[in-house]
Amino acid sequence: MRRTCRALTLAALVVAAVGERDVSSAPTAAQSAPGGTAPLPERFGLGRPATPDEIRRLDIDVTPDGHGLPDGRGSVAEGAALYAAKCAACHGRQGEGATSDRLVATDAGRDFAFGRDPSLARAIGNYWPYATTLFDYVARSMPLAQPGSLTPNEVYGVVAFLLAQNRIVAGDAVIDRTVLPKIVMPARDRFVPDNRTGGAAIR
Amino acid sequence: MLSRMSRTIRPGISRRRALVAGASGVIGAAAALTAQTPPDTTKIPGTGATEIGARSPFEKAKRRPGPGRSTSSTTPLQELHGIITPADLHFERHHAGIPSIDPAHYSLLVHGMVARPTVFTLADLKRFPARSMIRFLECSGNGGRNYRPDPEAHTLSPQQLDGLTSCSEWTGVPLATLLREVGVSPNASWFLAESMDAAVLARSIPMEKGFDDALVAYAQNGEALRPGQGYPVRLFLPGYEGSTNVKWLRRIEVAAAPFMLREETSKYTDPLPDGTARQFSLVMDAKSIVTEPAFPDRLAGAGWREIRGLAWSGRGRIAHVDVSTDGGRSWQRAQLEDPVLPKCHTRFRLPWHWSGGETVIMSRATDETGYAQPTRAELLAVRGPGTQYHFNNIRAWRVAADGTVTLATGAA
């Protein structure tokens with residue numbers, strides 16, 4: 001309950017701060033009805049509690065700290081076989097790209113000069129800041145025509161293979177939930193927050 | 001005088017008739033249909049009422065999907081009037097096709113750093129106090145062919161160049177209402193929005209936006225969302241790049257950090273000339289385009305006509321739009337038509353007398369934060385040639401002495 005009250009206060013503060021910037025599109029404050037006088041309740045009591053089971057079923061995301069990674073493991077060799085069977089047709093035998101995105105780039109993108117030179121090849125090895133993203137995306141969206149069909153072991157394997165192709169891990173690496181979040185990708189520190197703020201500056 | 005003039009001209013001008021000289025296509029189509037058109041409609045009763053209305057067969061406005069089973073289609077900006085995009089002409093962009101969803105089985109899970117993880121049915125969402133807002137939605141890749149060197153770009157219509165923006169009235173429950181309902185932790189700062197399409201597309205959104213003007217939308221222009229727009233429920237984030245407006249919304253997870261998913265690392269990031277890449281560049285900056293005259297128009301001859309276009313900004317209202325009819329040497333303030341809403345397409349108009357010579361027409365939008373649409377050179381200087389999103393540089397149309405209009409890339 002205390003937590004709730006603090007959350008509400010925070011919400012109100014955020015609303016107030018935002019309202020100063022853009023009054024017209026600020027949401028109605030918790031306590032007043034849109035355009036009217038009747039107070040809104042703190043809660044409407046709609047919806048039903050989510051069960052732990054249904055949360056587990058949908059909560060598929062994997063974050064850089066490793067949260068969300070399942071049990072299981074996969075080796076580069078296992079991944080190579082799976083990749084040849086289920087990915088190579090679209091992404092090229094070595095991950096060089098075919099009908100779909102290139103997945104391998106082993107140079108450093110000439111010091112991450114992608115902004116200066118659009119012809120530089122950009123892929124997992126020189127552009128992706130987190131290895132966990134690869135697990136998340138392959139498990140979530142690939143292969144294109146059978147998304148979500150790979151077992152955790154298969155995803156670990158193909159992730160191991162792609163990381164090895166990108167020269168991020170050795171050819172005999174085995175990837176699991178403890179190893180993957182510890183991998184530091186070459187592009188990790190290249191990403192900066194948006195500094196555009198409106199106003200006269202062009203950024 | 002000028003603004004009075006524009007007011008009087010406006011109702012009389014019929015778009016293609018006023019502008020198109022070599023309009024054999026239009027005339028041909030009309031001729032083909034005369035067979036079904038009585039010579040005098042006052043002498044023969046017309047057809048009866050119908051359940052669902054259809055366009056006049058004379059109207060040809062269409063989206064342009066890419067080849068094959070396409071993952072995007074564009075809005076025919078040059079065919080539209082005012083600021084509202086008809087729902088069936090709203091641009092589409094998806095990564096794994098449009099899912100078919102039974103609203104009776106739809107539910108939205110909100111969980112993570114919340115006091116009460118909750119499942120909402122569509123009926124639940126509709127019982128909350130609703131909010132409607134007229135706002136644009138734009139893909140952040142829109143307009144790339146006005147930025148990168150492209151030998152074919154001069155023959156792009158407004159639709160082909162910038163058709164990944166549309167504008168609708170969206171109705172739904174403010175996300176803030178749902179966040180209060182579930183009791184968001186004070187330590188939460190981001191949330192994940194996830195789709196139930198075959199890409200299970202997901203994006204991380206700053207919590208501040210959730211409490212600002214984010215909408216969990218179930219209606220567009222007065223009716224249920226179209227399947228291509230997320231039926232039955234999508235997230236709508238006014239002013240944010242299209243990809244974050246997650247369609248077919250199945251899950252919201254509240255967290256203390258962004259999730260760093262593929263669509264916010266590998267894609268939708270902007271490599272900069274200094275060897276960094278900008279991440280979470282979510283807001284769409286001010287932009288405008290003259291939609292008339294534009295390719296493939298051909299001006300019928302010298303004289304008065306109206307320059308028309310759209311301007312919009314993800315940061316608020318359009319403050320003014322300046323139009324140049326002499327390649328940027330001088331600028332005139334265009335008339336903005338009511339309503340001028342925040343984060344919304346805004347219609348601008350300027351009466352123009354063409355003397356018949358070659359010239360370049362361009363528009364420059366300024367929003368209420370004081371941000372003015374940059375030239376290509378200005379944007380190139382700060383972003384470099386490798387950037388892939390947020391192409392809001394000034395658009396320019398070259399009018400040749402024979403009246404043909406082409407996109408003048410690199411002119412501004």
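What you see below is based on every heavy atom in this structure, not just the backbone, and it leaves out hydrogens, waters and symmetry mates. The sequence lines fix the lettering, A, B, ..., with proteins before strands; numbering per chain opens at 1.
Between Phe280(B) and Trp190(B), the ring center distance clears the sub-6.0 Å criterion.
Judged as a salt bridge (Lys or Arg N to Asp or Glu O under 4.0 Å), not a single pair has a partner in residues 118-128 of chain A (not counting sequence neighbours). For residues 182-198 of chain B, the set of pairs meeting the salt bridge (Lys or Arg N to Asp or Glu O under 4.0 Å) definition, not counting sequence neighbours, comprises Arg140(A)-Glu194(B), Glu194(B)-Arg250(B), Glu194(B)-Arg251(B).
Using cut-offs of 30° and 60° for the angle between ring planes, the Tyr127(A) and Phe112(A) rings count as parallel. Using bins of under 30°, 30° to 60° and over 60° for the plane-to-plane angle, the ring pair Phe128(B)/Phe44(A) lands in the perpendicular bin.
Lys209(B) is listed as a side-chain neighbour of Pro238(B), based on a closest heavy-atom distance under 4.5 Å. Looking at heavy atoms from C-beta onward, Leu69(A) lies in side-chain contact with Pro181(A) at the 4.5 angstrom threshold.
Using a 4.5 Å cut-off between heavy atoms, Leu261(B) contacts chain A through both its backbone and its side chain. With a 4.5 Å cut-off on non-hydrogen atoms, Asp65(A) does not touch chain B at all. Only the side chain of Leu192(B) comes within less than 4.5 Å of a heavy atom of chain A; its backbone N, CA, C and O stay farther away. In this structure, the portion of Asp136(A) lying under 4.5 Å from any heavy atom of chain B is its side chain and not its backbone. With a 4.5 angstrom heavy-atom cutoff, Thr132(A) does not touch chain B via any of its atoms. Of the atoms belonging to Phe114(A), heavy atoms from both backbone and side chain fall under 4.5 Å from chain B. Looking at Leu134(A), neither its backbone nor its side chain comes within 4.5 Å of chain B, counting heavy atoms on both sides.
Stacking of Arg73(A) on the aromatic ring of Tyr156(A) is not recorded, the 6.0 Å distance cut-off and the 45° axial limit not both being met. Geometric assessment of Lys343(B) against the ring of Phe136(B) yields a negative cation-pi assignment under the 6.0 Å and 45° thresholds.
In terms of non-hydrogen atom pairs under 4.5 Å with chain A, the most contact-rich of Pro117(B), Ser107(B), Gly384(B) is Pro117(B). Highest contact tally toward chain B, considering only Arg48(A), Arg110(A), Met142(A), Glu54(A), is held by Arg48(A) [criterion: heavy-atom pairs under 4.5 Å]. Comparing Gly115(A), Gly68(A), Ala145(A) by heavy-atom pairs within less than 4.5 Å of chain B, the highest count is held by Gly115(A). Contact count versus chain B (heavy atoms, under 4.5 Å) is highest, among Val192(A), Thr133(A), Thr63(A), for Val192(A). Contact count against chain A (heavy-atom pairs under 4.5 Å) is highest for Ser281(B) among Ser313(B), Ser281(B), Gly314(B), Pro258(B). Comparing Ala277(B), Pro385(B), Ala214(B) by how many heavy-atom pairs each has under 4.5 Å with chain A, the most go to Ala277(B). With chain B as the partner, the residue from Gly199(A), Ala123(A), Pro118(A), Ser141(A) showing the most heavy-atom pairs under 4.5 Å is Gly199(A). Each of Arg116(A), Arg190(A), Arg196(A) has some count of heavy-atom pairs under 4.5 Å with chain B, and the biggest count is that of Arg196(A). Ranked by heavy-atom pairs shorter than 4.5 Å toward chain B, the options Ala113(A), Ala201(A), Gly45(A) are led by Gly45(A).
Salt bridge Asp53(A)/Arg56(A): present, at least one basic N to carboxylate O contact under 4.0 Å. At a threshold of 4.0 Å, the pair Arg383(B)-Asp270(B) does not count as salt-bridged, since none of the basic side-chain nitrogens sits closer than that to a carboxylate oxygen.
Listed in order of number, the residues of residues 198-205 of chain B that approach chain A to under 4.5 Å between heavy atoms are Ala198(B), Ala199(B), Val200(B), Ala202(B).
Rounding to the nearest 0.5 Å places CG of Asp59(A) at 5.0 Å from NE2 of His67(A).
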Pair Arg315(B)-Asp285(B), salt bridge (charged side-chain N to carboxylate O under 4.0 Å, His left out): steps then yes or no: CA-CA 7 Å; Arg315(B) 298 189 191 276; Asp285(B) 276 325; 3.0 Å; yes
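Under the side-chain hydrogen bond (donor to acceptor under 3.5 Å, both in side chains) criterion, Asn392(B) pairs with Tyr371(B), not counting sequence neighbours.
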